[in-house]
Number of protein chains: 2
Amino acid sequence: MVRTSTDKKILESALKLISEKGYLGTTTKDIAREAGITEVTLFRHFGSKERLFEEVLKCYTFLPKLKEVISEIEGDSINYENTLKKIGMRFFETLKERKSFIRILSSEMNVYPDKTREVFSKFIDETNKVLSGYFKSQQNAGNLRKFSPEIAARGFLGMLFCYFNVEEIVKGKSISHQKIEMIIKEFVEIFVNGTLKD
Amino acid sequence: MVRTSTDKKILESALKLISEKGYLGTTTKDIAREAGITEVTLFRHFGSKERLFEEVLKCYTFLPKLKEVISEIEGDSINYENTLKKIGMRFFETLKERKSFIRILSSEMNVYPDKTREVFSKFIDETNKVLSGYFKSQQNAGNLRKFSPEIAARGFLGMLFCYFNVEEIVKGKSISHQKIEMIIKEFVEIFVNGTLKD
DNA sequence: TCAAAATGTAAGTAATTGCTTACTATAATT
DNA sequence: AATTATAGTAAGCAATTACTTACATTTTGA
């Protein structure tokens, strides 16, 4: 679907307002106002509020590109600890970029369960697959002790996700790059010490 | 406030329905029907929908009693690893007991930000305080390496919280006691290995 | 048993919301 | 310049929702 500039304005406004006020708490009038158009134009472009919301979910869906991080790193012979740091950093940056969308996924799970659960589950499962694959390959190379790579990946990414969620979404802060690095350093240290072979 | 049995029925029904459909997605008619009363009775008891919701937030607010776990354990000379397992277990059990309420906290943060953020932040901060205090005392006793107890506590509880959130809330499953134990065992192993002194 | 309290019945209000319609004006394209 | 496409104006509709009112019935407690 090729997007006109009006489409884009509407989608952006919808993303912003729905992430702030919820789907049911945001009126089509609000969205139109925010986009600088009339309400009737909104309906001309998207047909209904629900269709607009579906397009928002489709348009802003994302997957963190951890695969690419691992590829880059495999070419660079960086060690395990720094790899985890880079993965953590990339993951966190992605979360920050997509903050509004993540807010919507959390809060609209009841109103629009099918798509939000699908997107959220896919996000979790795919990112975990990549990281657990990496843990496995490091185990196979004899670098790591025996543990469940899938559960460890869930743990590692879960720590980061939860930290992000609490600070940025619950507390409404914006974490500085420095602070993120510090947090990731601490988490990675625990993970490295906790997963390396003796 | 002393609760009549009708009050309780209304509060329980509101908790259930709001956790399933959201605050705005749940009508006072729905709640009345679920409670087996008429809508006018609901207003007699609570005055408004908003007031009812406030009472739900007040009534179902909780803090996991990790302090008690630590007290019990300190009397029992249980080791660090088993302590973390018991803490993890108690925390997870609490999350499961309060699943509906936690769903509401996540999803209604935009509609009712002040109280939900307050409750959620308090929950995070208090539980972290208790666990980080325990980490500190173990460091002071010379058992653990140097790391930030606050950040480690955030990490540990964050892993559990995120795992719970994804499985029970996003994916809508109910995790078996066995499965929880296994997950906690894995997470604790990483943490124990990651925080013990060499 | 009786009076007070609690709840139900039935109807209604005002406001809000998503959405539509018809006509007009503006912008873009040929 | 003329035509087509896009957007605006103004008004309105039907449905829904939180809430209210007045009267009747049932339940509870003394």
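Side-chain atoms are counted along with the backbone in the values below, which use heavy atoms only and exclude waters and symmetry mates. Reminder, nothing fancy here: chain letters follow the sequence lines and each chain counts from 1.
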Would you say the side chain of [Y] lies within less than 4.5 Å of the side chain of [X], judging by non-hydrogen atoms?
{"X": "A:Asp7", "Y": "A:Glu55", "value": "no"}
{"X": "B:Ile104", "Y": "B:Tyr23", "value": "no"}
{"X": "A:Ile183", "Y": "A:Phe92", "value": "no"}

For B:Lys129, the side chain to side chain contact (heavy atoms under 4.5 Å, CB included) test, sequence neighbours excluded, returns B:Glu126
Strictly below 4.0 Å: does A:His45 bring a side-chain N or O up to OP1 or OP2 of D:dT6?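 Indeed not, no polar side-chain atom of A:His45 lies that close.
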[X] [atom1] to [N] [atom2], straight-line distance once rounded to whole Å:
{"X": "A:Leu17", "N": "C:dT17", "atom1": "CG", "atom2": "P", "result": "13 Å"}
{"X": "A:Lys8", "N": "D:dA7", "atom1": "NZ", "atom2": "P", "result": "13 Å"}
{"X": "A:Phe46", "N": "C:dT20", "atom1": "CZ", "atom2": "P", "result": "15 Å"}
{"X": "B:Ile10", "N": "C:dG8", "atom1": "CD1", "atom2": "C1'", "result": "13 Å"}
{"X": "A:Leu42", "N": "C:dC19", "atom1": "CG", "atom2": "P", "result": "9 Å"}

Have a look at A:Thr6 and say if it touches a base, only the backbone sugar-phosphate, or nothing, with a 4.0 Å heavy-atom cut-off.
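A:Thr6: backbone/sugar contact only, no base atoms under 4.0 Å.
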For a quick check of understanding: with a heavy-atom distance under 4.0 Å over all strands, which category does B:Gly25 fall into, base, sugar-phosphate or nothing?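 Result for B:Gly25 = nothing.
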* Asked: Looking only at heavy atoms, what is the nearest atom pair of B:Phe191 and B:Ala152, with distance?
  ->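 Closest heavy-atom pair between B:Phe191 and B:Ala152: CE2-O, 3.4 Å.
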Is the closest basic N to carboxylate O distance between B:Glu168 and B:Lys173 below 4.0 Å? no
For nucleotides 9-30 of chain D, 5' to 3', base contacts (B), sugar-phosphate-only contacts (S) and non-contacts (-) with protein non-hydrogen atoms under 4.0 Å give B-------SSBBBB--------
